[in-house]
Amino acid sequence: MKRISLTQHLIEEQRLHNTIPAELRLLIEVVSRACKTISHAVGKGALGEVLGTTETENVQGEVQKKLDVISNDILLQANEWGGHLAAMASEEMETIHPIPNRYPKGEYLLLFDPLDGSSNIDVNVSIGTIFSVLKAPEGMSRPTEKDFLQPGTKQVAAGYAVYGPQTVLVITTGNGVQVFTLDREMGSWVMTGRDIQIPEDTKEYAINASNARHWQPPVTRYIDELQAGTSGPRGKDFNMRWIASMVADVHRILNRGGIFMYPADARDPGKPGKLRLMYEANPMSFIVEQAGGAATNGKQRILDIIPQTLHQRVPVFLGSKNEVERVTGYHA
Ligand code: AHM
Ligand code: MG
């Protein structure tokens with residue numbers, strides 16, 4: 001089999017579609033290199049003294065794991081000096097991180113969830129990194145939070161890495177979804193999936209069912225119907241999976257279909273869902289749509305949402321198109 005590296009793919013895609021100028025290619029390569037470093041740290045586990053929590057909380061008021069902080073630092077340091085960025089924003093940082101004055105600035109904005117699936121870090125279950133790339137608004141001099149508040153349709157690239165039995169990187173720049181597997185001996189990303197397509201129909205769903213008593217009626221109805229199986233209105237049995245790492249759940253859906261849901265629920269009226277629009281929902285929705293799937297907040301397409309704040313949360317329904325459309329219809 002002919003091996004296609006990440007670099008070769010990015011150059012060839014630029015030749016074909018003109019969507020990856022050199023600066024964006026550099027950005028994707030720097031992020032993917034940082035993901036290798038994170039993968040290495042994750043793989044060391046207890047031996048690297050990277051497990052457990054820090055003394056600090058993040059902006060969401062959540063306890064930070066050591067690896068959350070390490071991964072955040074790796075991404076910041078890797079991306080500061082290349083000249084490809086104007087600023088960064090992270091799920092783990094309250095405010096944006098402009099590129100320091102000692103470095104040249106570029107035209108892109110990078111957002112990331114440095115280590116998604118925090119509850120799985122210490123128990124050796126798959127976790128990952130999610131990233132999203134926007135263009136800085138024309139004429140921006142000093143970046144502010146407002147410059148990041150662009151709808152998901154404006155993303156020029158998005159991707160995620162999964163640190164699981166294999167380390168994989170999934171990216172889109174708006175011309176389909178490509179998958180790369182980390183060749184650990186060579187230290188290189190090798191293409192292992194091209195133009196991934198999510199089946200439109202599925203018999204598998206993912207939701208944290210322990211929250212069932214807090215769900216809103218459309219979600220309860222939808223899940224009840226799935227669980228009724230062959231004897232219910234759907235006339236077929238459905239299987240359930242919940243990894244509690246969005247990256248791992250989405251990666252399964254990319255490979256064999258399925259629907260992933262993190263709805264808003266009645267637990268905390270101040271929190272419309274758990275997942276964050278800018279670091280999780282938008283990049284994953286871009287990828288899922290590029291793979292032929294759909295992504296909504298129950299009412300509208302996630303990529304059309306106009307962000308109000310950097311850390312805002314949204315309900316998420318994404319994956320196989322026909323199921324996402326059905327549960328979205330139940331909200332109408
Ligand atoms: P995190 O970014 O703090 O890790 O939280 C996001 C994660 C998702 O990866 C996952 O789908 C969800 O939280 C799991 O939540 P829960 O523990 O409520 O099932
Ligand atoms: Mg996360």
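Counting starts at 1 for both ligands and their atoms, in listed order. We number each residue from 1, following the sequence as shown.
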Report, in ascending order of atom number, the atoms of ligand 1 lying under 4.0 Å from any heavy atom of [X].
| X | result |
| --- | --- |
| S245 | 9 (O) |
| N208 | 16 (P), 18 (O), 19 (O) |
| L275 | 6 (C), 8 (C) |
| M246 | 8 (C), 9 (O), 10 (C), 11 (O) |
| A244 | 9 (O), 10 (C), 14 (C) |
| E280 | 2 (O), 6 (C) |
| E91 | 1 (P), 2 (O), 3 (O) |
| R276 | 1 (P), 2 (O), 3 (O), 5 (O), 6 (C) |

(message) Just to verify, what does F180 make a ring pair (Phe, Tyr, Trp, His ring centres under 6.0 Å) with, not counting sequence neighbours?
(response) H9
Is it the side chain (CB and beyond), the backbone, both or neither of [X] that lies under 4.0 Å from ligand 1, heavy atoms counted?
| X | result |
| --- | --- |
| D113 | side chain |
| S118 | both |
| F260 | side chain |
| N211 | neither |

Using a strict cut-off of less than 4.0 Å between a Lys/Arg side-chain nitrogen and an Asp/Glu carboxylate oxygen, indicate whether [X] and [Y] qualify as a salt bridge.
| X | Y | value |
| --- | --- | --- |
| E225 | R234 | no |
| D249 | R252 | yes |
| D304 | R301 | yes |

(request) Please check if any side-chain donor atom of Q227 sits under 3.5 Å from a side-chain acceptor atom of Y205, or the reverse. (result)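 There is such a pair (donor and acceptor under 3.5 Å, judged by atom type) between the side chains of Q227 and Y205.
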(message) Looking at ligand 1, would I127 count as a contact under a 4.0 Å heavy-atom criterion?
(response)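 So I127 does not count as touching ligand 1.
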(message) Tell me whether W242 reaches ligand 1 (any heavy atom closer than 4.0 angstrom to a ligand atom).
(response) yes
Below 3.5 Å, N or O to N or O, backbone or side chain included: is there any such pair between [X] and ligand 1?
| X | value |
| --- | --- |
| L115 | no |
| K274 | yes |
| G117 | yes |

(message) In terms of relative ring orientation, are Y222 and Y330 parallel, tilted or perpendicular, with 30° and 60° separating the classes?
(response)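 The rings of Y222 and Y330 stand perpendicular, inter-plane angle above 60°.
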(request) Mind checking side chain to side chain donor-acceptor pair (under 3.5 Å) for S90 and listing every partner two or more places apart, or none if nothing turns up? (result)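 For S90 the side chain to side chain donor-acceptor pair (under 3.5 Å) partners, ignoring immediate neighbours, are N72.
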(message) I need the minimum non-hydrogen distance between E289 and A295, along with the two atoms involved.
(response) OE2-O, 4.4 Å
